[in-house]
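Working notes for the structure below.
As the structure lists them, so they are numbered: ligands from 1, and atoms in each ligand from 1. Only this structure's heavy atoms are used, side chains among them; waters, hydrogens and symmetry mates stay out.
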Amino acid sequence: MNKKPIYITTPIFYPNAELHMGHAFTVTLCDILVRYYRLRGHEVHFLSGSDEHASKIVRIAEKEGKKPAEFIDGIVEAFKKLYSDLDISYDQFIRTSDKETHWPGAQKLWNELVARGDIYKKSYRGMYCVGHEAFITEKELVDGKCPDHGTAPEMLEEENYFFALSKYTSILRDRIKNGTLTIEPASRRGEILSVLESAEGLQDVSFSRPAQKNSWAIPVPNDSSQTMYVWCDALASYITAIGYGRDEASFKKWWPASYHVIGKDILRFHAAFWPAMLISAGIGDALPRILVHGMITSGGRKMSKTLGNVVRPMDLIQEYGKDALRYFIAREIPTYEDGDMTPELFKAAYNASLANGLGNLANRIIVMALNYSVDLAKAPAMDEILADDAFAWYTSAFERETGPDINGAAQGVWSRIAAADLKIQQTEPFKLFKTDPEAARSIVSELLVELWTIAQLLTPFMPTTAAEIQSAIKEKRKPTLFPRK
Ligand code: MSP
């Protein structure tokens with residue numbers, strides 16, 4: 001049977017600074033899902049990218065005395081370096097500055113919105129939060145400042161094209177209610193529904209900026225005095241990347257996205273702007289599923305470049321290894337709620353679950369197998385394992401209707417690790433070997449197959465560790481895993 005192609009996206013990140021722990025969190029969640037679906041035999045397309053036309057990027061480049069393109073190239077290289085250091089198996093990295101891949105589709109999308117009568121020009125005066133790259137209302141401010149960025153908005157007055165988002169209030173509400181616009185978890189869906197059901201509903205949104213203020217952005221078709229506003233440009237990347245306006249066959253194959261994975265900070269753009277744009281452009285019959293994770297806080301506050309409280313993923317990778325960071329993201333941080341991250345929590349989890357838990361178990365089993373000359377009796381492949389009802393918990397966690405339960409799937413693997421530890425404690429093969437070597441060998445043989453199986457199940461979460469355990473078993477040597485810290 002042909003399995004359906006899976007298309008998973010990360011947000012495209014602003015290349016105004018290196019990626020922090022929060023970004024690494026999103027990207028790693030995506031990578032875990034992607035690797036799971038590849039193991040299940042699906043064809044997968046995994047997209048990430050950079051959102052390069054935001055005004056804050058140009059300001060920062062200028063501050064550093066660099067040309068925007070030169071500055072951005074350097075940051076994009078650093079993004080890709082982190083992806084490689086974290087084993088992020090992306091298939092494509094889209095840059096919104098890419099005039100061949102991205103611009104034609106973004107302009108086609110614009111033209112479709114125009115054709116539907118959903119774009120109009122008007123003069124606008126409002127408060128603009130540069131951190132959000134969006135207009136912000138008086139109501140959203142706390143003490144005159146954006147609560148997320150802690151900065152005061154700027155007053156802007158200009159002539160812009162607007163997108164008639166308000167027209168879509170009831171359409172989106174109906175699509176959420178009839179289940180054809182999926183936003184998970186339910187709490188985030190509720191948040192959007194309450195906007196859609198409020199008296200005001202959705203407001204029309206500014207979709208362009210004057211070209212002289214935003215000269216680097218994508219020109220609005222047929223009006224050289226305006227360039228596209230960053231969100232209209234950025235959201236379009238999800239379809240231009242896979243061929244919209246360029247390669248219809250490829251676009252048809254992958255669209256709609258199986259998951260747009262995002263943080264709650266950009267919920268409204270993805271759960272209101274984007275589906276409305278898709279419906280307006282006539283490509284919204286089947287809509288992408290929106291998966292909204294929580295935010296990692298640092299000392300109880302949102303991690304942000306602006307606040308300066310970022311945790312650098314590179315530091316953790318250097319100290320503990322990439323799979324330790326992947327482990328922490330998968331199991332220790334609640335996927336759909338906010339979670340605080342501190343160096344102390346990280347170290348404690350590392351020692352308990354990796355050095356003592358997984359690492360110790362793998363070492364003990366492999367050393368016993370070497371000492372008692374026990375070979376791997378069978379090496380179950382992933383599809384064999386997953387065809388077994390005993391592993392239904394794993395597939396049902398990953399394929400849960402209400403959004404993948406990454407914590408649950410990881411927790412399930414650690415339950416098996418604990419069960420294998422218990423089996424060693426209870427059967428004491430190292431003692432038994434002295435009196436009944438055959439019985440001891442048979443227990444170690446079972447443990448070795450279990451360790452192999454645990455490694456298979458770990459593959460989406462910790463690909464390097466899984467491979468190291470399996471190679472050590474095959475090559476009959478001790479594995480190199482997680483020294484105590
Ligand atoms: N460029 C826009 C997105 C356009 S998508 C069409 C943008 N970029 S961003 O660089 O600010 O990245 C925002 C995303 O990074 C969040 O939605 C989330 O996925 C991730 N995170 C940023 N900070 C985070 C945390 N503190 N915790 C978890 N995820 C975080 O917005």
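Within the structure, the closest approach of Gly294 to ligand 1 falls below 4.0 Å when heavy atoms are considered. The shortest separation from a heavy atom of His293 to ligand 1 is under 4.0 Å, placing the residue in contact. Note on ligand 1: Tyr238 sits in its first shell, one or more heavy atoms being nearer than 4.0 Å.
Residue contacts with ligand 1 for His20 involve side-chain atoms from C-beta outward but no N, CA, C or O (heavy atoms, distance under 4.0 Å). With a heavy-atom cut-off of 4.0 Å, His270 touches ligand 1 through its side chain alone. Residue-level proximity to ligand 1 for Phe269 is absent, since no heavy atom of it falls below 4.0 angstrom. Only the side chain of Asp51 comes within contact range of ligand 1, with a heavy atom under 4.0 Å; no backbone atom does.
Considering backbone and side-chain N/O atoms, Trp231 never comes within less than 3.5 Å of an N/O atom of ligand 1. Taking distance alone, with nitrogen or oxygen atoms compared against 3.5 Å, Asp265 approaches ligand 1 more closely than that limit. Residue Gly22 has at least one N or O atom closer than 3.5 Å to an N or O atom of ligand 1.
No more than 12 heavy atoms of other residues, nucleotides or ligands lie within 6.0 Å of CD in Glu77, so this atom counts as exposed by the packing criterion. Residue Lys67 qualifies as open at atom NZ: its count of foreign heavy atoms under 6.0 Å is 12 or below.
Partners of His293 by ring pair (Phe, Tyr, Trp, His ring centres under 6.0 Å), not counting sequence neighbours, listed by chain and number: Phe25.
In this structure, of Ile12, Thr9, Ile266, the residue bringing a heavy atom nearest to atom 2 (C) of ligand 1 is Ile12.
The aromatic ring centroids of Tyr124 and Phe135 lie less than 6.0 Å from each other.
Only one option out of Lys121, Lys213, Arg125 pairs with Glu158 in a salt bridge (charged side-chain N to carboxylate O under 4.0 Å, His left out); it is Lys213.
By the 6.0 Å and 45° rule, Lys66 does not stack over the aromatic ring of Phe71. A cation-pi contact, defined as under 6.0 Å to the ring centre and within 45° of the axis, is absent between Arg38 and Phe46.
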